[in-house]
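Report on one structure; see the data block that follows.
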Amino acid sequence: MTDTPEHQDENSSAPLFAAPPMAEQERMVEAMLFASADPLTVASMASRMPHGCDAAEAVQHLRRRYEGRGVQVVRVGEAWAIRTAGDLGFLMQNEIVETRKLSRAAIETLAIIAYHQPVTRTEIEEIRGVSVSRGTLDQLIELNWIRFGRRRMTPGRPVTFVATPEFLDHFGLESARDLPGLAELRAAGLLDNRPPPGAAALDAGEEDEEADDQTELFEEE
Amino acid sequence: MTDTPEHQDENSSAPLFAAPPMAEQERMVEAMLFASADPLTVASMASRMPHGCDAAEAVQHLRRRYEGRGVQVVRVGEAWAIRTAGDLGFLMQNEIVETRKLSRAAIETLAIIAYHQPVTRTEIEEIRGVSVSRGTLDQLIELNWIRFGRRRMTPGRPVTFVATPEFLDHFGLESARDLPGLAELRAAGLLDNRPPPGAAALDAGEEDEEADDQTELFEEE
Amino acid sequence: MADPEQFSAASTSVADRLAAEALIVDVDGFEGPLDLLLTLSRTQKVDLRKISVLGLAEQYMAFINEARALRIELAADYLVMAAWLAFLKSRLLLPPDPEDEGPSGEDLAAHLAFQLERLAAMREAAAKLMARDQIGRDFFVRGIPENVSRVRKVTYEASILDLMQAYARLRTRDEFRPYALDRDSVYTLEAALERMRGLIGLAGDWTDLERYLPDDWSSDPQRRRSATAGNFAAALELAKAGKVELRQSDIFSPIELRKAARET
């Protein structure tokens, strides 16, 4: 209660122990977001602010304040960050980080994981029609763009892959729902897990495959 | 706002016509100062900006815009940088508070200092019957509960320890004189042990055992 | 069952054949049979949903035959796909066998078309994704991030009762008797009252009733029980007299007492 910031006394008519005025809270959020290269959650900001502050509201104020400016307050999953405006990239030649060029396999695998998450390796292979090399997934994990998700509660309990907040951050996406064309793909049924016809009929020695197919049946993408 | 710099390459010899509006130049400076790992000079910013821009003026506009905000545009030698406002430094640390019980050695040492101040280390050891570790005294000094008093005007001029106002404050005492005396402690039942026959025998080598017993008695919970 | 597309597909045009042959040279450039099929399907120049799977099957087998003629090594999965397509083709062309429980040729063909469409869609999505503004290329993070330092602040807790007890312990060390069994292990209300009266003024804030137990009464379970009862009764007496306030946050939680505020 008593750890209110020392410097808000000038024009604060608020009682001594109340939360700082919203303008002051906005300054705090501004300072924290500027100081961090990684997105910050509202909770982590709130934990550093004096009691009674509303970090979520302060972020909204701040976001509006930076509309149209050279830097922007952007949402990244559950967190917030400040990033330079996309149209000013040409000024930042010195800051460009050269990244290893991704192989076509890696790019496709990444897209499949992002759009189909959580998705098993078998499913990725079925979509691409080829086996996924270990190196491809390793590379994406190393880039911190994908991570292991929950295991499927199906025979074999296969591990799944999901996209990370860093992936969202890298591609400037607020959430996985904002993936380009997601709604159209879903409407066209292209994100459905459609089992090959007759999968259930192939009974005898094919226990494993059947299990995988059923996974697809029951897990809504 | 969005006139891109490419459009004005042709007549760059006539900067007056070509330069983007000042608001746009301000955005550029803002983005560069945000993203750069080092402070930037006006010259280096100007070299990245489209022809005809006035980086120096744009910085001044930006500096004014950030006045009173959570971050500031500050001059660093010949260059410019964005920095957290000085009064918000407290946000740059995450404080975790842990409460621990003071050790028995520390509380005994503290008690002796409080009752006998000013007291030398030798005297403390005499009363406790064991040597006082440097760490114990350091801890109490760090807690701001004791401090060095005057040196004794005796051979060796040993340093003395006294209790601080913070000590009184923590224990809710107006002055060290308010500490109950031995007689009062006895009256209050804190000293109600009747001397057992042959108690003197328990003196020398039994520090440890005795210590254990007393620990159990006093430091439960 | 009659597939109207089968006629056009059966007579694969010369141009298609040439295109297919051109692909053979690049066989290593394909990421598996599905990728090859997708590429072949482009030659049909129709929406993938309206693709002639039969025609596609023939294109694929023409490709495989051509590759064999040129003695190009093909990976096993290309041949497996060729066999499967041959099977699919026979299913599409022959009248359905009522004895056969397996999926119909149309179902299999529809699934293949779905797989191709899905792969094409994912490729397009991947391209759109990579075309987005990317961090470190089009937009940028803070160049001079400040580290948030984690400060571990330890506060030590000690009450004045701890302090006094420590001192008392020291001053009476010589006369200290760690364990004394009295004849009667009964701690009377009177004794408790007298002791507590002296103590309540010393501890300023809420203090657990247990802390008022006399030292030598707390180790022996029997004596401890008696002293606890005596203490409790004494606390009630003192509360009744308005000398102390009592509180207990919950059933079986510690009972705490403090000196009553005299001013009010």
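Proteins get letters first, then strands, A, B, ... in listed order; numbering begins at 1 in each. Owing to the predicted nature of the structure, the values given are computational and were not obtained by experimental measurement.
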Are there over 12 heavy-atom neighbours, none belonging to [X], within less than 6.0 Å of that residue's [atom1]?
X	atom1	result
A:Arg64	CZ	yes
A:Glu78	CD	no
A:Glu142	CD	no

Between [X] and [Y], is any pair of side-chain heavy atoms under 4.5 Å apart?
X	Y	result
A:His116	C:Met122	yes
C:Leu34	A:Arg128	no
A:Met92	C:Asp138	no
A:Val130	C:Asp35	no

Of all of C:Lys128, C:Met81, C:Glu124, C:Glu117, which one pairs up most often with chain A through heavy atoms under 4.5 Å apart?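 Answer, by heavy-atom pair count under 4.5 Å with chain A: C:Glu117.
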
For the [atom1] atom of [X] and the [atom2] atom of [Y], what is their distance to the nearest 0.5 Å?
X	Y	atom1	atom2	value
A:Ile127	C:Leu119	CD1	CG	9.0 Å
C:Arg118	A:Asp192	CZ	CG	9.0 Å
C:Glu31	A:Ser103	CD	OG	7.5 Å
A:Glu108	C:Leu129	CD	CG	12.0 Å

Where [X] and [Y] come nearest, the two heavy atoms and their spacing:
X	Y	value
C:Ala125	A:Leu185	CB-CD1, 4.3 Å
C:Pro103	A:Pro197	CG-O, 3.6 Å
A:Arg194	C:His111	O-CE1, 3.2 Å
A:Glu126	C:Gln115	O-NE2, 3.9 Å
C:Ala121	A:Leu190	CB-CD1, 3.6 Å

Region of [X] that comes under 4.5 Å of a non-hydrogen atom in chain C:
X	answer
A:Ala85	backbone
A:Leu33	neither
A:Asp38	neither
A:Leu102	side chain

Any donor-acceptor pair under 3.5 Å from [X] side chain to [Y] backbone:
X	Y	result
A:Thr84	C:Phe140	yes
C:Arg132	A:Phe171	yes
C:Arg142	A:Phe34	yes

Under a 4.5 Å cutoff for heavy-atom pairs, which residue among A:Gly129, A:Gly89, A:Ala35, A:Ala111 has the most contacts with chain C?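 The answer is A:Ala35.
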
